Amino acid sequence: MIIKLRQNADKAQVEHLTHWIQEYGVEIHTVTGKMDTILGLVGDTSRVPLERIQSLEIVEDVKRIQEPYKNANRKFHPDDTVVQAEEARIGGGHFGLIAGPCSVETEEQIIQVARNVKAAGATMLRGGAFKPRTSPYSFQGLRGKGVRMLLNAKEETGLPIVTEIMDLSQLPLFEEVDVIQVGARNMQNFELLKELGHLRKPILLKRGLANTLEELLMSAEYILAGGNEQVILCERGIRTFETATRNTLDLSAVPVLHQLTHLPVVVDPSHATGKAALVPSMALAATAAGADGLMIEVHNDPAHALCDGPQSLTPDAFADLSRRIFTFRETLCGLSSQPEKEEAE
């Protein structure tokens, strides 16, 4: 349930209202905007007397929300959430370009790629230290050593880092990581999500390959319910009957999610298609669909990559795509041709 208060509502009356509502066993989340104050009621609101609340002088409107995700719901939080990692921002008009290799292989490799993608306009560096693989015999990542290499690349270039966590036991290694990624396989690892909700750092949550958008938002709700409001949603393709691509990129997810939630939405065309030749067109299409950012795999030697080489762009190909993306945003969308680099507030 959402209660919209009138402008300049008496503070004493508002406090009395909140105490009275809490007696019904629901939590209240207050959002104070420039013009409006909204009370979001979370929990079983079936016993809360809607008509009686509507009759109060300080109340402008009351609405019941049918969707099970309250904190992620745009009805409760009409303004776009802006997620910030160091100087990089995503959401609310800020475009994020996350780039780097599927997996960290050597310190020389990750630092070189970091330099390349930063020069091309990337705002964050991605790289896998822990790699969930279908086969137990495939390269599983450098684990803690890989995280340290990413931090060295950050120190070298200044780019905030994004890397994936697979298990709660790994959390101590992520203290200095700027954005923690939850992969598609862990989208419904609810114990992990609840623990990440206690952190105060951005979480990039990938959609599961067979999950609905409501299920994605319910997973985000686990993080938000813990108090962590810095969540980025990522569309990375879903499993369908089509075999021409690795997955099927659901571009309609971008505008649909923007209608349903205030959280920023990024698209990963690399995992969606599995083919480097298809990444540029899908990246541009995602930009046109209104994505708040892109997550693109870049490797300095894709032919010899230890993980996902066929879907990785070379640094030169990424630089060309980056120019096209920012030119597209400037000429067709009327937006900035380069990512903003603003000082943290």
Side-chain angles (χ1 to χ4, degrees), residues 83 85 88-90 94-105 109-110 112-128 131 150 153-154 157 159-164 178-179 181 183-184 202 204-207 232-237 245-251 253-254 264-303 305-329 337-339:
V83 175
R89 296 183 181 185
I90 295 180
H94 303 277
F95 189 80
L97 189 53
I98 307 168
C102 175
S103 62
V104 181
E105 298 171 5
Q109 169 238 18
I110 191 63
Q112 184 58 55
V113 173
R115 288 171 176 164
N116 290 336
V117 298
K118 181 179 182 180
T123 56
M124 296 188 201
L125 173 68
R126 63 143 293 151
K131 296 303 301 177
L150 281 167
K154 175 186 176 180
T157 63
L159 286 176
I161 58 174
V162 182
T163 193
E164 181 174 350
D178 299 290
V179 180
Q181 175 182 314
L204 190 147
L205 179 65
K206 284 197 165 188
R207 180 185 183 183
I232 304 167
L233 304 176
C234 181
E235 162 59 36
R236 45 80 69 205
T245 53
R246 181 175 181 176
N247 297 287
T248 298
L249 179 56
D250 182 10
L251 283 178
V254 177
V265 181
V266 303
V267 172
D268 178 351
S270 301
H271 279 92
T273 64
K275 298 181 179 181
L278 302 179
V279 169
S281 57
M282 291 298 95
L284 289 166
T287 305
D292 297 296
L294 297 167
M295 193 172 191
I296 298 175
E297 291 193 356
V298 181
H299 196 287
N300 55 335
D301 187 8
L306 297 180
C307 179
D308 288 346
Q311 66 193 37
S312 300
L313 299 184
T314 64
D316 287 344
F318 174 73
D320 179 66
L321 174 58
S322 178
R323 285 192 294 270
R324 294 168 65 188
I325 290 169
F326 292 124
T327 298
F328 175 83
R329 282 173 53 80
S337 62
Q338 290 294 327

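Please read all numbers here as calculations on a predicted model, not as lab measurements. Each residue takes its place number in the sequence, starting with 1.
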Enquirer: Taking Asp292 for its side chain and Val266 for its backbone only, find out whether a donor-acceptor pair lies under 3.5 Å.
Expert: no

Enquirer: To the nearest 0.5 Å, what is the distance between CD1 (Ile161) and CG (Leu150)?
Expert: 5.0 Å

Enquirer: How many angstroms lie between atom CD of Glu164 and atom CD of Gln181, to the nearest 0.5 angstrom?
Expert: 4.5 Å

Enquirer: Can you measure from OG1 (Thr273) to CG (Leu278) and round to the nearest 0.5 angstrom?
Expert: 5.0 Å

Enquirer: Heavy atoms, side chains only, cut-off 4.5 Å: are Leu294 and Ile325 in contact?
Expert: yes

Enquirer: Less than 4.5 Å apart, any side-chain heavy atom of Lys275 and any of Pro310?
Expert: no

Enquirer: Rounded at 0.5 Å granularity, tell me how far CE in Met282 sits from CG in Leu249.
Expert: 6.5 Å

Enquirer: Which residue, Val162, Ile232, Val267, forms the side-chain contact (heavy atoms from CB on, under 4.5 Å) with Met295?
Expert: Val162

Enquirer: Can a donor-acceptor pair be found, under 3.5 Å and without considering hydrogens, that links the side chain of Thr157 to the backbone of Arg115?
Expert: no

Enquirer: Any donor and acceptor pair, going by atom type alone, linking the side chain of Glu235 with main-chain N or O of Asp268 inside 3.5 Å?
Expert: no

Enquirer: Is the shortest side-chain heavy-atom distance between Thr163 and Arg126 below 4.5 Å?
Expert: no

Enquirer: Is there side-chain contact between Ile296 and Val279, with heavy atoms separated by less than 4.5 Å?
Expert: yes

Enquirer: Taking atom NZ of Lys118 and atom CG of Leu125, what is their separation to the nearest 0.5 Å?
Expert: 11.0 Å

Enquirer: Kindly say whether Phe318 contributes a backbone atom to a donor-acceptor pair with the side chain of Ser322 at under 3.5 angstrom?
Expert: no

Enquirer: Answer whether the closest heavy-atom distance between the side chains of Thr287 and Phe95 falls below 4.5 Å.
Expert: yes

Enquirer: Answer yes when Asp308 and Arg246 have at least one side-chain N-carboxylate O distance shorter than 4.0 Å, and no when they do not.
Expert: yes

Enquirer: With a 3.5 Å distance limit and no angle check, can you tell me whether Ser312 reaches the backbone of His299 through a side-chain donor-acceptor pair?
Expert: no

Enquirer: How many angstroms lie between atom CG of Asn300 and atom CD1 of Ile110, to the nearest 0.5 angstrom?
Expert: 9.0 Å

Enquirer: May I ask you to decide if Glu297's main-chain N or O and Ser270's side chain share a donor-acceptor pair within less than 3.5 Å?
Expert: yes

